[in-house]
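Everything below concerns the one structure shown next.
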Amino acid sequence: MSSPEDLTKTYDYAEVERRWLDQWRDEDFYFDWESAKPRYIIDTPPPYPTGRLHIGHALNWVYMDIVARYKRMRGYNVMFPQGWDCHGLPTEVKVEEIHGITKNDVPREEFRQMCRDLTRENIRMMRHSLRLMGFSVDWSNEYITMEESYYSLTQASFLQMLKNGYIYQSEHPVNYCTRCETAIAFAEVAYSENTTLLNYFDFDGVEIATTRPELLAACVAVAVHPDDNRYHTLKGKTLTVPLFSYPVPVVEDEAVDPAFGSGAVMICTFGDKQDVVWWKSHNLDLRSAIDQKGVMTAICGKYTGMKAKECREAILSDMKESGILKTQEELPQRVGTCWRCQTPIEILSARQWFVKVRPEEIVSAASEITWYPEHMQTRLLNWTQQMEWDWCISRQRLFATPIPVWFCSDCGEMILPVPEDLPIDPTVDSPKHPCPVCGSNSFAGETDVLDTWMDSSISPLAITKWDGKTTPAFYPTQLRPQGHDIIRTWAFYTILRSMALTQKKPWDGIMINGMVLGEDGFKMSKSRNNVITPDELIDRYGVDALRQWAAVGAAMGSDITFTWNDVVAASRFQTKMWNIVRFSLLQIRKDDSVSSDRPTELADRWLLSKLSATVQEVTDALDSYQYDKGLKAIRDFAWSSLADNYLELVKGRLYSDLPSRAGAVFTLKTALDTLCRLLAPYTPFFASECYYHLSGGRIIDQQWPGLDYIDPTADENGNLLASVVGQLRKYKHDAGLALNAPLGHVTIYTPGKTIDDGGDAGRTTNAEIEWRSDEPHLDRVLSDITFNMGIIGPAFRKEAGAVMQAIRALPPESLEAGVDTISVNGSDISIPDGSYAPVFSYAIEGEEVDLLTVGDALLAIRKRA
RNA sequence: GGGCUUGUGGUCUAGCUGGUUAUGACGUCGCCCUUACACGGCGAAGAUCUCCGGUUCGAAUCCGGACAGGCCCA
């Protein structure tokens, strides 16, 4: 047990946080697979290992850590695991940058190893940051998606979904760089401005404007706006493609701009993104005119084998020759280019792998999940119901989970590995048996890899120890915490995969956090120079202040605009609490005898009732993930009820040796003990330190409080007591009296109510307090009048003094009744309304008193003792 | 362009199942070093609750529209 001297005069967060970090052990937060306690499993988001934690992570992890700590105190067997979502383009790019290579310069496996090395180092740094912030992560259940133990599950899930008919292959448009001969992600597309020629030519009698004449052989339709009168006769017709002489349909689409060019557009597969949309929505043919090397394909007739640029010139000159090229005009345009070699990207059709989306499965699972806040569910449902395309899961990259499939080189049969052999890399490993169809021993491994979301969307299965086949015993998990920016990706895909693999929802509830915006209200970005890092914040105010900032910054789901104000306020609250504890312990330790377990004094019962209500409020708030509400309730209780009111009320008792001192000691001990427990999920370091001084134990081993001191009468009368004392202090203040100066006699009339404050009010105000339950019998005496010079002055000017003197001379009865006219120097003068106001004083039994009212109560103060 | 969402004193924010003197914090101003805390206490000033229209006896709160911000998607 510590002594009062242990409480330093100021709270040293840096020292305290360092010390408690050393005290906690990883084992304190392990999930117990054998426990009989109810489980609470958090499907923690696996961050992308960039190497550093940003403030958005901090917010997200504080939210999770609060639930984790709270649920442990409520008796749950909590799992708060930590994952790492490793695969992704940025790592490939970073590796290329670090080593000064492109990924095709080194063997595939060597490049993948470079990515793994970089990722391991980044994870190491981020793990360190998470530990410094004291998150109660279960490190025994850490997972890393690039490790074999994890991606063998990703591959198992792929094979199972393939078997169940969820996965298929199909042609699909992809961005392609014909120089690098590789597919390009949208994130890899750079844009440049240039000028091109818009060519107007005759297309079977219709004028068409195009910037890509080389794609004429890929034309699959002509589109016009449905309301364009110039073309309404074309409806339902077919046209013949010039130079190539094959028929294409005319389609109508709202998206055609009648003002652009001639108002008629040729749709080619694929000139741009709009072509892809039209191709899909009008169900058009696919004609590939350009191959992966940028060479014209066999459908291009005499142009076959030309480079796209040569073909363009050739077609334009042939158009000119046959007289169908009308005019050409310059057009500024923005073209997508490969960010490495600046070659304009082509949209080519390539074989891709897809996951079938079954909206009804997702909708039904989503409605069984509790959403916090509720409206976030709408986003997912809207998205799901308007899904047009399935989920394309193949990527033409290197650092990702390989698609575990081979194809027979002779007959094309798809060969799958057996689950026991997973994980495999089909570009390295070979099937163990000849082709079952043709007996060939020659195979081609699939070189495409899986979308990263295929890894992370089985996280709830991975953390519950999925074996790749049967639904785990601890499935579904209890909570998915994540940001609203990835509802359409991570939440959506996880639900989809969970339904496909287990026919169950992945979680009971989902808690959606907002984004952190900079002090200027905009998204944090280097270019805006509004980035705040967690390190910066912790250095200046400590981890607990950061945690409070995150907790009260905004309601769950709302974006938080960062402000130092909240951090400063958080830090000040800790200082205040520290002083409350310091002072209370000082008093308690003078004599810590506790006589009764239910204090009888009004102030004690009042505080305990308020405390019980606060516990209930915080409990309700945490149960519904309303962290801001909970912390505000704690702060309000501690600062207002406990410090400003209760402590002031009982100081007199604490300094005394009255028997009722024991009640105050009991109440203080209970309040401090309870506050430590309530604060434990929010500010674990601070709560640990205070609780240790209070009891010598560890707060993380304690239960959540449940108090039943609710007492409506004590609540009401105690509120009155607190207000009365407050009013009397203000009265002293206004009268220029020191707060501890003797006040005299105060009679407090509370008609119909009997109040016994045990002497607290009297000791606190240094007054003689008399509570009376009868009606006050007051004599009202008109003691003075005040004049309104705004009326008197303009009305009487020079006579004003004389008028006032005359009014003053009137008997009190007339003044009180109101004066219409008055006689001054023999003439009657009328007095306007509002010229003066009577001032009354009051007396009780002939003695003059000052009056204050507090609600229905009346305070009569007789100065002088 | 579409879906969801937000718009409250100088700043951030609570309230938003309709009726409150519209909450709190920071900032500002005044007084106070009262046996923990001046990172404190007491008090004051400061809001046409984005704008327009509607429902209602009554709207910050419900409905419609406009404007502005955020996220996601085209």
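Residue numbers begin at 1 in each chain, while the letters A, B, ... track the order of the sequences.
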Next on the checklist: Please give the distance between the C1' atoms of B/C52 and B/G19 as a whole number of Å.
Outcome noted: 24 Å
Next on the checklist: Hydrogens and angles aside, do A/Lys730 and A/Gln727 bring a side-chain donor and acceptor to less than 3.5 Å of each other?
Outcome noted: no
Checklist entry - Which atom pair, heavy atoms only, marks the closest approach of A/Asp628 to A/Ala555? => result OD2-CA, 3.5 Å
Checklist entry - Going by the angle between their ring planes, with limits at 30° and 60°, are A/Tyr627 and A/Tyr63 parallel, tilted or perpendicular? => result tilted
Checklist outcome for this item: Which of A/Ile769, A/Leu649, A/Thr765, A/Val725 passes side chain to side chain contact (heavy atoms under 4.5 Å, CB included) with A/Asp760? It is A/Leu649
Checklist entry - How close do A/Ala767 and A/Leu743 get, heavy atom to heavy atom, and via which atoms? => result CB-CB, 3.7 Å
Item to check | Separation between the P atoms of B/U8 and B/C73, rounded to whole Å | outcome: 27 Å
Next on the checklist: What's the gap between B/U20 and B/A47 when it is taken at their C1' atoms, as a whole Å value?
Outcome noted: 15 Å
Checklist entry - Within this structure, what is the CG-to-P distance between A/Leu647 and B/G40, rounded to whole angstrom? => result 16 Å
Item to check | Separation between the P atoms of B/U23 and B/C4, rounded to whole Å | outcome: 33 Å
Checklist entry - Between the side chains of A/Trp606 and A/Asn645, is a donor N or O closer than 3.5 angstrom to an acceptor N or O? => result no
Item to check | Aromatic plane relationship, A/Tyr493 with A/Trp453 - under 30° parallel, 30 to 60° tilted, over 60° perpendicular | outcome: tilted
Checklist entry - Think A/Lys9 has a side-chain N or O under 4.0 angstrom from the OP1 or OP2 of B/C37? => result yes
Checklist entry - A/Tyr11 and A/Asn579: side-chain donor and acceptor closer than 3.5 Å? => result no
Next on the checklist: Does A/Gln574 reach a base, just sugar-phosphate, or nothing at all? Heavy atoms under 4.0 Å.
Outcome noted: nothing
Next on the checklist: Distance check needed: B/U35 C1' versus A/Gln587 CD, whole Å only.
Outcome noted: 8 Å
Item to check | Integer-rounded Å distance: B/G40 C1' and A/Arg582 CZ | outcome: 13 Å
Checklist entry - In whole angstroms, how far is the P atom of B/G2 from the CZ atom of A/Arg488? => result 14 Å
Checklist entry - Looking only at atom P, what distance separates B/U50 and B/A38, rounded to whole Å? => result 39 Å
Checklist entry - Just how far, in rounded Å, is P of B/U34 from NZ of A/Lys651? => result 11 Å
Item to check | Selected nucleotide, minimal atom distance to A/Phe583 side chain, candidates B/A36, B/C72, B/C39 | outcome: B/A36
Between the protein and nucleotides 41-47 of chain B, which nitrogen or oxygen pairs are less than 3.5 angstrom apart?
residue : atom : partner  : partner atom : Å
B/G41   : OP1  : A/Trp639 : NE1          : 2.4

Item to check | Interatomic distance at P, B/G46 relative to B/G24, whole Å | outcome: 16 Å
Checklist outcome for this item: Note: for A/Lys629 and A/Ile486 on RNA chain B, the residue whose nearest nucleotide lies more 5' is A/Lys629
Checklist entry - Side chain of A/Asp485: nearest nucleotide among B/C71, B/A74, B/A36? => result B/C71
Checklist entry - Looking at B/G27, B/C71, B/C72, which one has an atom nearest to any side-chain atom of A/Lys523? => result B/C71
Checklist entry - In terms of ring plane angle, is the pair A/Trp564 and A/Tyr541 parallel, tilted or perpendicular, where the classes change at 30° and 60°? => result tilted
Next on the checklist: By the 4.0 Å heavy-atom rule, please label A/Tyr655 as base, sugar-phosphate, or nothing.
Outcome noted: base
Checklist entry - Starting at OH of A/Tyr646 and ending at C1' of B/C37, how long is that distance when rounded to a whole Å? => result 19 Å
Item to check | Check: A/Tyr13 ring centroid to A/Phe685 ring centroid under 6.0 Å | outcome: no
Next on the checklist: Quiz question: by atom type and distance under 3.5 Å, do the side chains of A/Asp253 and A/His282 form a donor-acceptor pair?
Outcome noted: yes
Item to check | Nearest-Å distance once atom P is located in both B/C12 and B/G69 | outcome: 15 Å
Checklist entry - Which letters describe nucleotides 4-13 of chain B, given B = protein heavy atom under 4.0 Å from base, S = only from sugar-phosphate, - = neither? => result BS-------S
Checklist entry - How far does the C1' atom of B/G2 sit from the matching atom of B/A60, given to the nearest Å? => result 29 Å
Item to check | Rounded interatomic separation in angstrom, taking CG from A/Leu728 and C1' from B/U34 | outcome: 15 Å
